[in-house]
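This report concerns only the one structure given below.
Numbering of ligands and ligand atoms starts at 1, following listing order. What you are looking at is a predicted structure, and each value in this text was computed from that prediction instead of being measured.
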Amino acid sequence: VTDIRAFSAAEAESHLPALVSLLRVTVDDGASIGFLPPLSHQDAAAYWREVLPGVADGGRVLIGAVEDGRLLGCVQLALEGRPNARHRAEIQKLMVLPQARGRGLGAALMVAADDAARTAGRTLLVLDTRAGDTAEGLYRRLGWTEAGRIPGFALNAEGGADATVLFYRELPPAG
Ligand SMILES: CC(C)(COP(=O)(O)OP(=O)(O)OC[C@H]1O[C@@H](n2cnc3c(N)ncnc32)[C@H](O)[C@@H]1OP(=O)(O)O)[C@@H](O)C(=O)NCCC(=O)NCCS
């Protein structure tokens, strides 16, 4: 049984080594999630160290998929704090360990992110993803709407730059 839920700050801290490893494996496997391979332990750890305070202060929701105590995947919901954006949140860094992919965990994490957004009173979600990646198809299947495409948005490991697709999703208000 896979447990998919929002981590408390203490849980996030306890999963820190696994989060570092998940980010490194995912980047080194070729994902376009902000970093280029090879991602050092130090840089991955520094990233999560910046994320954790947001989990503690409620500005960010970190959802993990855990099976037998092992972290298999995660996704984040960044809750916008600006006065004109308090109905909005951004999905960041959906990732699943390569050996756990294709079992529906990515989709389940995204459904959990929807629930967390509703709970936080957010009604508009946004994200961007590299054009052509598995994730693009996943978001379409889950009902996200394409807002547009930006060519050459993100540098890649081959020395080129890839297009990104911007998506949004409207959530009916809870209740
Ligand atoms: C995107 C990602 C999180 C999906 O995770 P997942 O647990 O494999 O997701 P699911 O199993 O719910 O769906 C994966 C899709 O790939 C297909 N698939 C089948 N076998 C697969 C396999 N062995 N590996 C990967 N995908 C597979 C699934 O059928 C599904 O396609 P569908 O959406 O058209 O039905 C994962 O591929 C990943 O970590 N990618 C790298 C990070 C990344 O690009 N994140 C997105 C940032 S915006």
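Heavy-atom contacts of Leu94 reach the following atoms of ligand 1: 3 (C), 42 (C), 43 (C), 45 (N), 46 (C), 47 (C) (cutoff under 4.0 Å). Close approach of ligand 1 to Arg103 is summarised as follows: ligand atoms under 4.0 Å from at least one heavy atom of the residue are 11 (O). Applying the 4.0 Å criterion to heavy atoms of Thr134 picks out, from ligand 1, the atoms 14 (C), 15 (C), 16 (O). Counting the atoms of ligand 1 from 1 in the order shown, those under 4.0 Å from a heavy atom of Ile33 are 47 (C). Residue Asp128 approaches ligand 1 through these ligand atoms, each under 4.0 Å from one of its heavy atoms: 48 (S). Those atoms of ligand 1 that come under 4.0 Å of a heavy atom in Thr26, given as number and element, are 41 (C), 42 (C). Less than 4.0 angstrom separates some heavy atom of Thr129 from each of these atoms of ligand 1: 48 (S). Every atom of ligand 1 with a heavy atom of Ala107 under 4.0 Å away is listed here by number and element: 12 (O).
When hydrogens are left out, the protein atom nearest atom 6 (P) of ligand 1 is Gly106 N, 3.6 Å; that is the closest non-hydrogen contact. The shortest contact between atom 11 (O) of ligand 1 and any protein heavy atom is with Gly104 N, 2.7 Å. Distance from atom 19 (C) of ligand 1 to its nearest protein heavy atom, with residue and atom name: Gly102 CA, 3.9 Å. The single protein non-hydrogen atom nearest to atom 30 (C) of ligand 1 is Arg141 NH2, 4.3 Å, given as residue, atom name and distance.
The option with the heavy atom closest to atom 38 (C) of ligand 1, from among Arg101, Met110, Glu136, Arg140, is Arg101. Between Gly34, Ala135, Gly73, it is Ala135 that holds the heavy atom closest to atom 46 (C) of ligand 1.
A single hydrophobic cluster is seen to contain both Phe167 and Leu142, as judged by linkage of ILVMFWY side chains at heavy-atom distances under 4.5 Å, directly or through other members. The cluster map of Ile, Leu, Val, Met, Phe, Trp and Tyr, joined by side-chain heavy atoms under 4.5 Å apart, puts Ile33 and Tyr139 in the same cluster.
Atom 1 (C) of ligand 1 is approached by the protein to below 4.0 angstrom, counting heavy atoms only. Shown here, atom 27 (C) of ligand 1 is in close reach of the protein: a heavy atom of it lies under 4.0 Å off. Within a 4.0 Å radius of atom 21 (C) of ligand 1, the protein contributes one or more non-hydrogen atoms.
In this structure, CD on Gln76 lies 7.0 Å from NZ on Lys93, to the nearest 0.5 angstrom.
Pairing each heavy atom of Ala112 with each of Ile4, the nearest pair is CB-CG2, 3.7 Å.
Residues Glu136 and Thr129 have side chains that never bring a donor and an acceptor to within less than 3.5 angstrom of each other.
For a threshold of 3.5 Å applied to N or O pairs, the pair formed by Met95 and ligand 1 contains no separation below that value.
Ligand 1 has no atom lying under 4.0 Å from any heavy atom of Leu97.
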- Task: Kindly indicate, with the supporting measurements, whether the criterion side-chain contact (heavy atoms from CB on, under 4.5 Å) is fulfilled by Asp162 and Asp133.
- Result: CA-CA 11 Å; Asp162 298 322; Asp133 277 1; over 6 Å; no
